[in-house]
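Data first, discussion second: the structure below is written as C-alpha cells.
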Amino acid sequence: AQYGAQAPDGGAWPLNREDVTRYGVNRIYPTIQGEGAQAGWAMTIVRLQGCPVGCVWCDTPESWAPGGETCTAREIAARVAALPPRWALVTGGEPTWYDLGALTVELRECGVERALETSGVYPITGLWTWVCVSPKPAGRLPLNDFNLRVADEVKWVVGRERDVEAFGAFLADHGRHLRKEVVRSVQPVSVSPRATRLCLEALMRHPTWRLSLQTHKLLGIA
C-alpha cells in the first residue's frame with residue numbers, strides 16, 4: 001500500500017484512506033466482458049463509485065460522484081464468489097482512486113481471478129491477474145507513467161482521426177514504459193460506424209495494434 005501518497009491533482013489519496021478495507025460500490029453484476037483483449041470471458045463487474053477524471057466519452061457518468069453503497073472488501077468478495085464467473089473486473093468510475101489491496105486479497109482468497117480497468121491517473125495497488133490501462137488524454141488528470149510498467153493491455157478510445165494520430169504519438173513517447181508483449185488496442189467510441197472505420201484503417205497502417213469492439217453494446221447487454 002502507498003498510504004499518504006498524493007493524488008495527481010494534489011489532493012489526498014486514496015479515497016478510502018480512513019479505512020482501506022472499505023469501498024464505495026456503484027454496482028456488482030455478472031456479464032460477459034465485451035471489450036478489450038479479454039472479450040468473451042464471463043466476468044463479474046465490480047463497478048466502484050467515484051471518478052475525478054471527467055472523460056468526455058464516459059458512458060457511466062452516474063459513477064462519477066463519490067459515494068455509493070459502502071461495502072467492505074470481504075463483503076464485495078462474498079458477493080462476487082456467489083456468482084458463476086471466476087473472474088472479477090474491477091472498474092469504475094476510476095477504481096484506483098481507492099487503495100485496492102484489501103479487495104484483491106479477498107477476491108484471491110475466494111479463488112477469483114482479478115482484472116483491472118483504469119485510466120492510469122492514480123497508483124495501481126493490489127494483486128492483479130490482468131491490468132488494462134485506458135489513458136484519457138482529454139481528462140482532467142495526467143497519466144501516471146509508472147502504471148504502464150504493469151499494464152497487460154493499453155486501450156485507446158478513438159472518435160476522430162486525430163485520436164488515431166494521438167495514439168501513435170503516445171506510443172512513441174511512452175512506449176519505453178511498456179513491456180514488449182503488451183496488447184495495444186484501439187476502440188471506436190460507442191461502436192460508432194465512422195470511428196470503427198477509422199480504427200480499421202489504422203490497423204492496416206499499424207498491424208501490431210488490435211481492434212477492441214464494445215460487443216456488449218452490439219449484443220444489448222450491460
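These numbers were taken from a predicted model, which means no experiment stands behind them.
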Original post:
Hey, any chance V150 and V90 share a hydrophobic cluster, counting ILVMFWY side chains that come within less than 4.5 Å of each other, even indirectly?
Top reply: yes
Original post:
Which heavy atom in P123 sits nearest to a heavy atom in T96, and how many Å separate them?
Top reply: O-CB, 3.7 Å
Subject >> Closest approach of L83 to P30 (non-hydrogen atoms, all atoms of both residues) >> reply: CD1-CD, 3.9 Å
**OP:** Find the distance between CG (D152) and CH2 (W128) and round it off to the nearest 0.5 Å.
**Re:** 11.5 Å
**OP:** Start with the C-alpha distance between R210 and E35, add both sets of side-chain angles, then the distance that settles salt bridge (Lys or Arg N to Asp or Glu O under 4.0 Å), and finish with yes or no.
**Re:** CA-CA 11 Å; R210 287 173 58 175; E35 61 190 52; over 6 Å; no
**OP:** Could you tell me whether the side chain of F146 reaches within less than 4.5 Å of the side chain of I124, counting heavy atoms only?
**Re:** no
Subject >> Shared hydrophobic cluster for W64 and Y23 (ILVMFWY, side-chain gaps under 4.5 Å) >> reply: no
Original post:
Can you list the steps and then say if I76 with V25 is a side-chain contact (heavy atoms from CB on, under 4.5 Å)?
Top reply: CA-CA 9 Å; I76 295 172; V25 175; 3.7 Å; yes
**OP:** State the SG-CG distance between C51 and L15, to the nearest 0.5 angstrom.
**Re:** 11.0 Å
**OP:** Run the salt-bridge test on E117 and K136 with the 4.0 Å N-O cut-off and return the result as yes or no.
**Re:** no
Original post:
Between F170 and F167, how do the two ring planes meet: parallel, tilted or perpendicular, split at 30° and 60°?
Top reply: parallel
Subject >> Separation of E113 CD from W41 CH2 (nearest 0.5 Å) >> reply: 9.0 Å
Original post:
Where is the tightest heavy-atom contact between T21 and N16, given as atom of each residue plus distance?
Top reply: N-ND2, 4.5 Å
Subject >> Nearest heavy atoms of L148 and V133, plus distance in Å >> reply: CD2-CG1, 4.1 Å
Original post:
Does R162 CZ have over 12 foreign heavy atoms under 6.0 Å away?
Top reply: no
**OP:** Report yes or no: do I32 and Y29 belong to one cluster of Ile/Leu/Val/Met/Phe/Trp/Tyr joined by side chain heavy-atom distances under 4.5 Å?
**Re:** no
**OP:** For Q214 and G34, indicate whether the former's side chain and the latter's backbone hold a donor-acceptor pair under 3.5 Å.
**Re:** no
Original post:
Within a strict 4.5 Å, meaning less than it, do heavy atoms of the V183 and V154 side chains meet?
Top reply: no
**OP:** State yes or no: do I45 and L103 share one hydrophobic cluster built from I, L, V, M, F, W and Y residues joined by side-chain heavy-atom distances below 4.5 Å, directly or via other members?
**Re:** no
Original post:
Is there a path of hydrophobic side-chain contacts, each under 4.5 Å between heavy atoms of I, L, V, M, F, W or Y residues, that connects I221 with L213?
Top reply: no
Original post:
Is there a donor-acceptor contact under 3.5 Å from the side chain of T104 to the main chain of G101?
Top reply: yes
**OP:** Answer yes or no: is there a side-chain heavy-atom contact under 4.5 Å between V53 and V121?
**Re:** yes
**OP:** Report the C-alpha separation of L127 and V105 in whole Å, then their side-chain angles, then the decisive distance to 0.1 Å, and conclude whether the side-chain contact (heavy atoms from CB on, under 4.5 Å) test is met.
**Re:** CA-CA 7 Å; L127 307 170; V105 167; 4.1 Å; yes
**OP:** Keeping the roles fixed (side chain from R160, backbone from V158), state whether a donor-acceptor pair exists under 3.5 Å.
**Re:** no
Original post:
Nearest 0.5 Å, what's the OG-CG distance between S119 and N147?
Top reply: 8.5 Å
Subject >> From CG (L89) to CZ (R47), nearest 0.5 Å >> reply: 8.0 Å
**OP:** Take V157 and D163 through the test side-chain contact (heavy atoms from CB on, under 4.5 Å) and record every step on the way to the result.
**Re:** CA-CA 8 Å; V157 178; D163 298 322; over 6 Å; no
**OP:** Please check if the side chain of Y122 supplies one atom and the backbone of D99 the other of a donor-acceptor pair under 3.5 Å.
**Re:** no
Original post:
Do you see a donor-acceptor pair shorter than 3.5 Å between the side chains of T60 and E62?
Top reply: no
Original post:
Going through the checks in order, is the side-chain contact (heavy atoms from CB on, under 4.5 Å) test met by C71 and R22?
Top reply: CA-CA 6 Å; C71 299; R22 291 185 175 272; over 6 Å; no
Original post:
Out of curiosity, S63 OG to L48 CG, how far, rounded to the nearest 0.5 Å?
Top reply: 9.5 Å
Original post:
For G159, does its backbone N or O pair with a side-chain atom of R194 as donor and acceptor, under 3.5 Å?
Top reply: yes
**OP:** Indicate the atoms forming the closest heavy-atom contact of W130 with Q38, along with that distance.
**Re:** CD1-OE1, 3.4 Å
Subject >> E94 versus T118, side-chain donor and acceptor atoms under 3.5 Å >> reply: yes
**OP:** Please step through salt bridge (Lys or Arg N to Asp or Glu O under 4.0 Å) for the pair K155 and E153, ending with a clear verdict.
**Re:** CA-CA 6 Å; K155 187 170 61 181; E153 175 182 7; 5.3 Å; no
**OP:** Over all heavy atoms of both residues, which pair between L211 and C199 is shortest? Give the atoms and the distance, please.
**Re:** CD1-CB, 3.7 Å
Subject >> Donor-acceptor under 3.5 Å (E75 side chain, T72 main chain) >> reply: yes
Original post:
Got a salt bridge between E69 and R79, using NZ or NE/NH1/NH2 to carboxylate O under 4.0 Å?
Top reply: yes
